[in-house]
Amino acid sequence: MSVNNMYVALFYSTSHAIRAEKIAKTAGLEVKLIPTPRHLSSDCGTALRFNARDKDAIISAFERANLDYDRIAPL
Amino acid sequence: MIYFDNAATTWPKPSTVVSAMTEFMNEIGANPGRSGHHLSVKAGRIVLNARENIATLLNVKDPMRVVFGMNATEALNLGIRGLLKRGDHVITGSMEHNSVMRPLREIEREGVEVTVVPFSKEGFLAPENIDEAIKKNTKLIVLNQASNIVGSILPTREVGKIARENEILYMIDSAQTAGCIPMDMEADCIDLLAFTGHKSLFGPQGTGGLVIGEKVDIKKLRPLKSGGTGSKSEFELQPDFLPDKYESGTMNTVGLAGLAAGVRFVLDETVEKIRKKEMELTRKFLEGASEISNLTLYGGCDEKTQTSTVSFNIKDISPSKVGLILDEEYDISCRVGLHCAPSAHKTIGTFPDGTVRFGFGYFNTLTEIDHALQALREMVKAR
């Protein structure tokens, strides 16, 4: 799995990132919490990494759970 | 040993509470939500778990609306000091604990208008008295959901409907009720709910928080403190979203590990089952105590309209003396005096001496109630 196929979801707070992880896992998606990449944000928090093919599924899982997120970006 | 001080702090705790805290200290220990490493993530999951369990218990859809702090006192201070400003009017009741009364009296000196609605001498509120106290500048109604002295339960929903009809924010102090009385923030029209972890939620001391309802504009709720949140670190201004706005500084994660397990225990047992057991204990005590001459019971003396907290006095023996004899001669732990609620004692007519308070808990037994009643009979006789 090359890095190019990966995306990250960025959040306003780590509380949201951790909730996002749970929501994604409950939806059966493969995700991992990672330190927020410096080139995407200077935030000291955590981001959720996932495979590009799951982008739509991730977004709809977040929306179903009413989870606020900052943005989704290629890694 | 018989422990009847559950209205102050419940004890013992479910073993799962202690093991969750030990496991955190031994195996995780890291800072929640500050770093991306796996221990930090595990710590963060524990905090989320605590948030979700509280949200489930109170019927709150978004767990991010649960903001953690030290205890109910801190949460009440956040609501009161965060919302009210000079020229605003706030309504409270005469059965309040000092956790509400003192912050209100302080902001009163800063120009906030305070109305204290009288409760009956049994500790109950007639909701229409709230209606009558409402003015044009009323911003908040803040009330204790059950008395910490006589256990009398507030008509929570009736007051909530009055607050909602008048578009006034409604804050509840659930210190005596969360975990032992069924509650629903949405149906009860509660906008701000202060809770503490160390009573009927079975968590450790030093845990609690505020649940912030959707009708509260957080732009108008000032935090008590500001500082590091692990988010928006590039800015020197406090973030303006939940829960970070109100959670500066490293939190009591070990405490929240215990709280999450405590609330899980309540959810598994069910509040209804806990309530039923506590009502049985209370009924047994009230029945027995009402037959003891020279013993005065306070409050409504009906387990259906109160929590498992009861107050009484024995004629010609001061509450402090009764407490000492119970502790030294009968090994019964209780709390005597004013219970941080002078206004409530004035309302029930026991100021300034106070009362002897028994706070029964889920782990007490009917046999323990029998022992205590026997001790009281002997004390009355030896008087």
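Note on naming: letters A, B, ... go to the chains in the order of the sequence lines (proteins, then strands), and numbering restarts at 1 for each one.
Proximity to chain B is limited to the side chain of A:Lys22, based on heavy atoms less than 4.5 angstrom apart. B:Val41 touches chain A through backbone and side chain together, each having a heavy atom under 4.5 Å away.
Separating the OG atom in A:Ser13 from the CE atom in B:Met64 is a distance of 6.0 Å, to the nearest 0.5 Å. Taking OG1 from A:Thr14 and CG from B:Asn31, the interatomic distance works out to 10.0 Å, rounded to the nearest 0.5 Å. Here CG of B:Asn49 is found 11.5 Å from CD1 of A:Ile18. Values are rounded to the nearest 0.5 Å.
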Next on the checklist: Pair A:Glu21, B:Arg45 - check side chain to side chain contact (heavy atoms under 4.5 Å, CB included), show working.
Outcome noted: CA-CA 9 Å; A:Glu21 181 202 32; B:Arg45 285 190 196 121; 2.4 Å; yes

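Atom CD of B:Glu167 has 12 or fewer heavy atoms from other residues, nucleotides or ligands within 6.0 Å. Open room surrounds NZ on B:Lys220; 12 or fewer heavy atoms of other groups in view lie less than 6.0 Å from it.
In this structure, A:Arg19 and B:Arg51 have side chains that are not in contact, with every pair of non-hydrogen atoms separated by 4.5 Å or more.
Tested against A:Ser15, the residues B:Leu48, B:Asp244, B:Leu242 include a single side-chain contact (heavy atoms from CB on, under 4.5 Å) partner, B:Asp244.
Here B:Pro63 is the residue among B:Pro63, B:Pro239, B:Ser40 with the most heavy-atom pairs under 4.5 Å with chain A.
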In a table with atom names and distances, give each donor-acceptor pair under 3.5 Å that connects a side chain of residues 177-184 of chain B to protein atoms at least two apart or in another chain.
residue  : atom : partner  : partner atom : Å
B:Thr177 : OG1  : B:Gln145 : OE1          : 2.8
B:Thr177 : OG1  : B:Ser174 : O            : 3.3
B:Asp184 : OD1  : B:Asn59  : ND2          : 3.0
B:Asp184 : OD1  : B:Glu186 : N            : 3.0
B:Asp184 : OD1  : B:Ala187 : N            : 2.9
B:Asp184 : OD2  : B:Asn59  : ND2          : 3.1

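In this pair, B:Phe241 and A:Tyr12 present their aromatic rings tilted. The plane angle is within the 30 to 60° band.
Interface with chain A: from residues 193-213 of chain B, no residue qualifies, criterion being any non-hydrogen pair under 4.5 Å.
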